[in-house]
Amino acid sequence: MAKPFRSLELAGSSVKVYSSATHACEAAADRIAKTIRICVEIRSKAVLGLATGATPEPVYAGLVERHRAGELSFAPVSTYNLDEYYPMGPLDPNSYRSYMERHLFGHVDLAPDRAHILDGTVPAAFAAQSAAQFDHWIAADGGLDLQLLGVGRNGHIGFNEPTDLSVAEALALPTRPVDLHPTTTEDAAGDFGGADRVPRRALTMGIASILAARSILVLAFGPRKAEAVAGSLRGPMTARVPGSLLQAVGPKVTWLVDREAAAEIL
Ligand code: F6R
C-alpha cells in the first residue's frame, strides 16, 4: 500500500501528501476497494459517487486491475457520476458516459442499471426536473458511501462553479443544470478541439448532494491545482472557491495530493 510522505490535518480534514500522483492514485484505489468490501460485508451493497477528468484515470485503472485479478467485484455496487455536459449524447467520445465506459464500466462486472450518469439528452425544458431526480435515486439507494472528487483550477467540485452565493445558499445547492465557467471551458478545449466547441452548460450533482456522502475522497495533482487546494483548505469557506465548502463536513473528507498540488499548504 502506498504511503504518504506527509500527513496533516487542515480545516478538520485529513490531508495526505504523496511523492507522486501515481502513489496517491494507488492509495485512492485501495481506499475505494476497501470501502466496497466493508459496505458489502455490512449491508450487502456499496454506493459510490464517481468523478471523471484526467485526475482519477489511474484510480480506475487500479480498480480494473483488482477486478481482473479476482480481488474485487462490482456486482453489488451502484455508482452515480458527478456530472455530464449538456447537451451531450452518451455515445459522443467527450461524454462522461463514454469516459466511464472506457475507464471503468466496460471492464468490470457493474450492472448497466446501476451505473448512473446524468442524462445529457433530456429536452431543455425538463433538464432541471431530470437532474433533480438524481438526488432522489441516490437517497433511495441509501446514500453515497464514498464520493470521489477532483478539483478544478478554479476550485470547482463537480461542475459547481465559483459563485457569489452566500455559504448557506451554496451548501444547499441540489443536482441541477449549470453554466460552465470560462476557466472550465478553457481547460476542456483540448478534448473538444477548441473552446468554442465545448458545451456551455452541464448537469452537476449539487454541493448538498456531494456533502451528504458518508465519506469524501478528493484528489488534486500538479502545480496547476496548488491554488485551488490552498483556497479549499487554508482559505475561508466561500462559494467563490467551491472546494472550500468541503470544510462544512471536514472530518469526513480526505485529500490525497501530490507535492506540487500541496505547494501552498506545506
Ligand atoms: C469531473 C468533475 C470535475 C473535475 C475537475 C478536475 O467529473 O466533476 O470537477 O474533477 O474539473 O478535472 P481534471 O481531473 O481533468 O483536472
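Since the structure is predicted, the reported quantities are computational estimates derived from the model, not experimental observations. Ligands are counted one by one from 1 in listed order, and the atoms in each one are counted from 1 as well.
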- line: In ligand 1, the atoms that come under 4.0 Å of a heavy atom of L82 are 8 (O)

- prompt: With a cut-off of 4.0 Å, which atoms of ligand 1 are near a heavy atom of K225?
  reply: 6 (C), 13 (P), 16 (O)

Side-chain donor-acceptor pair present, D141, Y80, cut-off under 3.5 Å: yes

- prompt: Should the pair K225-E260 be classified as a salt bridge under the 4.0 Å nitrogen-to-oxygen rule?
  reply: no

query: Can you find a side-chain donor-acceptor pair between T184 and E161 that sits under 3.5 Å?
result: yes

message: Checking one residue: I42. Which other hydrophobic residues are in its cluster under the side-chain 4.5 Å linking rule?
response: I38

query: Are R240 and D164 ion-paired here, with the side-chain N under 4.0 Å from a carboxylate O?
result: yes

- prompt: Regarding S244 and T238, is there a side-chain donor-to-acceptor distance under 3.5 Å anywhere?
  reply: no

field: R176 charged N/C atom sitting above F134 aromatic ring, 6.0 Å / 45°
entry: no

query: Nearest protein heavy-atom contact for atom 1 (C) of ligand 1: which residue, which atom, what distance?
result: T52 OG1, 3.2 Å

field: Element-labelled atoms of ligand 1 that are located less than 4.0 Å from some non-hydrogen atom of G150
entry: 10 (O)

message: Using a 4.0 Å cutoff against the non-hydrogen atoms of T55, which atoms of ligand 1 qualify?
response: 13 (P), 14 (O), 16 (O)

- prompt: Any idea which protein heavy atom is nearest atom 2 (C) of ligand 1, and the distance to it?
  reply: D83 OD2, 3.2 Å

message: Is there a polar contact, in the sense of an N or O pair closer than 3.5 Å, between Y96 and ligand 1?
response: no

field: ligand 1 atoms in contact with G53 (distance to a heavy atom under 4.0 Å)
entry: 14 (O), 15 (O)

query: Closest non-hydrogen protein atom to atom 15 (O) of ligand 1, residue and atom name please, with distance?
result: A54 N, 2.9 Å

- request: Among all protein heavy atoms, pick the one closest to atom 6 (C) of ligand 1 and tell me residue, atom and distance.
  value: V151 O, 3.4 Å

